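Note that this is a predicted model, so its numbers are computed, not measured. Here is how names work: the chains are called A, B, and so on, in the same order as the sequence lines, proteins then strands, and each is numbered from 1.
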2 protein chains.
Amino acid sequence: MAHRNSSNLQPFLDRLNLRSRLLKEEQEAVLNLPVYAAQVRPNEDHVALGEMTDHATFVVSGVLGRFDQNANGERQITALHIAGDMADLNSVVEPRATSALQALSTTTILQVPHRPIREMTARYPALAEAFWRDCMVDAAVLAQWVVNLGRRSAAARIAHLLCETATRCRQGDDKQALRFDFPLTQAQLADATGLTSIHVNRTLKTLSGTVAVAQKSVDILDWDALAARGDFNRTYLQADIRPSERLRIMAA
Amino acid sequence: MAHRNSSNLQPFLDRLNLRSRLLKEEQEAVLNLPVYAAQVRPNEDHVALGEMTDHATFVVSGVLGRFDQNANGERQITALHIAGDMADLNSVVEPRATSALQALSTTTILQVPHRPIREMTARYPALAEAFWRDCMVDAAVLAQWVVNLGRRSAAARIAHLLCETATRCRQGDDKQALRFDFPLTQAQLADATGLTSIHVNRTLKTLSGTVAVAQKSVDILDWDALAARGDFNRTYLQADIRPSERLRIMAA
DNA sequence: CGACATGTTGAAGGGGATCAATGGTGGTGG
DNA sequence: CCACCACCATTGATCCCCTTCAACATGTCG
């Protein structure tokens with residue numbers, strides 16, 4: 001399944017460069033990380049709850065989700081990871097998984113062993129900082145999901161999720177992605193928004209003027225309307241801060 | 001308001017030691033961090049949304065909360081930080097606040113400037129790792145809140161929150177804290193659980209056999225019943241892994 | 001004592017869940 | 001090429017958990 005590959009972690013480096021200032025040497029270290037390409041099929045655990053992992057998972061294409069569930073077995077998706085995301089960078093520092101990782105559709109990944117990542121962070125504090133920071137952006141997204149589930153109506157929840165995903169798809173670009181791949185079934189959308197698939201179906205109809213959610217992709221017809229409907233404000237994604245304005249970690 | 005203080009960050013070090021292996025030298029560096037003591041009064045922003053901070057906030061006593069809100073102005077609490085927590089350690093790496101920080105009751109804090117923390121992380125990779133790891137535990141808590149809001153009934157949400165807080169109060173101790181300070185109003189409890197204060201009031205009555213929630217503290221009368229009601233499983237808090245079983249970051 | 005926050009209770013309404021079918025659609029194999 | 005099947009979307013009818021609105025009670029602190 002997984003085989004050694006001459007790396008292409010360029011998109012991962014691009015992602016880091018969005019929010020951190022890295023020296024040439026540090027950037028090269030990232031690109032030289034060993035990787036193992038693999039496919040993940042939907043509806044089976046790539047990482048199971050409680051499992052110890054020894055690698056992080058970079059998403060090349062497709063979507064990975066973090067899955068939790070209540071005592072009743074009802075599922076709740078806790079995060080969605082799209083192409084360009086390192087889905088479980090946190091596992092470097094917390095190898096025992098606190099939630100399961102599954103693909104939502106067939107997904108191509110690169111597995112990156114923890115060991116060389118840990119060695120890198122010891123050698124280059126600025127990289128440790130960049131990884132830490134990227135994890136904190138994921139945490140900010142998680143906090144917004146809490147607001148979404150706690151204080152927004154069904155339509156707003158869905159609209160917010162779509163706006164968030166659209167923005168993350170095109171991070172770094174100026175213009176919004178008005179069309180993007182989003183291979184989620186309505187049942188999976190329901191698990192991400194804390195709703196029922198039936199209610200998702202009905203709610204999508206009330207949004208039909210502003211978004212078209214198809215089987216494999218989303219078309220945003222009216223960005224402003226959708227953002228208003230979803231109460232969406234992109235600042236929490238922290239993509240608007242110039243890396244050059246960030247502090248670089250102090251050398252010892 | 002804030003004045004320089006001969007540090008007592010021992011509880012912070014204790015917290016780190018719960019999950020990370022630190023050398024004597026690293027531990028001393030933590031204890032030697034400069035701090036500024038202060039009080040935070042409830043219902044005013046200690047850190048405002050979008051503000052740039054240059055310090056992290058350690059909770060000595062009381063409770064701090066992260067507050068967000070929807071377009072309608074309805075508030076959603078996104079995290080609660082109790083005594084012993086570094087409430088916004090993430091700000092070291094992400095100084096622009098993505099949510100507001102408020103006290104829920106009068107709270108005593110120690111402010112720790114980012115600068116020396118950043119210098120420390122550059123010098124001691126193991127400390128950077130320990131900080132990063134502690135932030136990831138907060139993220140795991142956040143993920144559980146998503147499950148709570150998305151897939152649990154009102155009674156379960158409240159029960160889960162109380163179990164979580166009880167467990168965090170006594171982290172490191174074997175026995176559960178069956179009684180702990182919890183100075184939240186029912187309205188604040190509602191903001192943490194995505195409910196209405198009216199419904200919190202009614203739901204607390206249905207829990208009256210298992211917990212007694214008073215103005216300033218919580219009494220758990222029947223731990224097992226409460227944990228069952230709240231679908232609570234402490235593993236996500238990651239307090240059950242011996243630090244000695246953890247990898248220490250590789251020296252360069 | 002008055003003022004104001006907090007807790008408590010009742011009645012009514014609604015947003016979303018639940019239960020139960022039906023309709024599409026794509027993939028597979030005969 | 002069609003029959004079949006699995007999965008997904010769609011629709012209707014009914015129910016209920018939680019909200020909303022509106023009082024009233026209690027407590028606490030100047």
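Atom CD in B/Gln186 sits roughly 8 Å away from atom C1' in C/dT6 (whole-Å rounding). As rounded to whole Å, 16 Å separates atom P of D/dA6 from atom CG of A/Asn43. Atom CG of B/Asn72 and atom C1' of D/dT19 are 13 Å apart (whole Å). Atom C1' of nucleotide C/dT6 and atom CG of B/Leu204 are separated by 13 Å, given to the nearest angstrom. With rounding to whole Å, A/Leu207 atom CG is found 13 Å from D/dT10 atom P. Atoms CD (B/Gln215) and P (D/dT28) sit 7 Å apart, rounded to a whole Å. In this structure, B/Lys216 atom NZ and C/dG7 atom C1' are separated by 14 Å, rounded to whole Å. As a whole-Å value, the separation of B/Asn70 CG from D/dT19 P is 13 Å.
A pairwise comparison of heavy atoms in A/Ala103 and A/Leu64 identifies CA-CD2, 3.6 Å as the closest pair. For A/Leu142 against A/Thr78, the heavy-atom pair with the smallest separation is CD1-O, 3.0 Å. Here the closest heavy-atom approach between residue A/Ala225 and residue A/Thr210 is recorded as CB-CG2, 3.5 Å. What you find for B/Asn90 and B/Cys135 is that their closest heavy atoms are N-SG, 3.8 Å.
Under the 3.5 Å distance criterion, with hydrogens and angles disregarded, a donor-acceptor pair is assigned to the side chains of A/Thr108 and A/Gln39.
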Look for any protein N or O under 3.5 Å of an N or O in nucleotides 22-24 of chain C and output each such pair with its distance, or none.
none

Using atom names, set out every protein N or O paired with an N or O of nucleotides 16-19 of chain C below 3.5 Å, distance rounded to 0.1 Å.
| unit_1 | atom_1 | unit_2 | atom_2 | d |
| --- | --- | --- | --- | --- |
| C/dG16 | OP1 | A/Ala154 | N | 2.9 |
| C/dG16 | O5' | A/His199 | NE2 | 3.4 |
| C/dA17 | OP1 | A/Thr196 | N | 3.4 |
| C/dA17 | OP1 | A/Thr196 | OG1 | 3.3 |
| C/dA17 | OP2 | A/Thr196 | N | 3.3 |
| C/dA17 | OP2 | A/Thr196 | OG1 | 3.1 |
| C/dA17 | O5' | A/Thr196 | OG1 | 3.3 |

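Using modelled atom types, one side-chain atom of B/Asn70 and one backbone atom of B/Asn72 make a donor-acceptor pair closer than 3.5 Å. The backbone N or O of A/Gly50 lies less than 3.5 Å from a partner atom in the side chain of A/Arg96, making a donor-acceptor pair.
When each of A/Asp219, A/Leu221, A/Val218 is paired with A/Val211, the side-chain contact (heavy atoms from CB on, under 4.5 Å) condition holds for A/Val218 and for no other.
Considering only side-chain N and O atoms, A/Lys205 lies nowhere under 4.0 angstrom from the phosphate OP1 or OP2 of D/dA9. Considering only side-chain N and O atoms, A/Asn201 lies nowhere under 4.0 angstrom from the phosphate OP1 or OP2 of D/dA9.
In this structure, B/Glu51 places its CD atom where more than 12 heavy-atom neighbours from other residues, nucleotides or ligands lie under 6.0 Å away.
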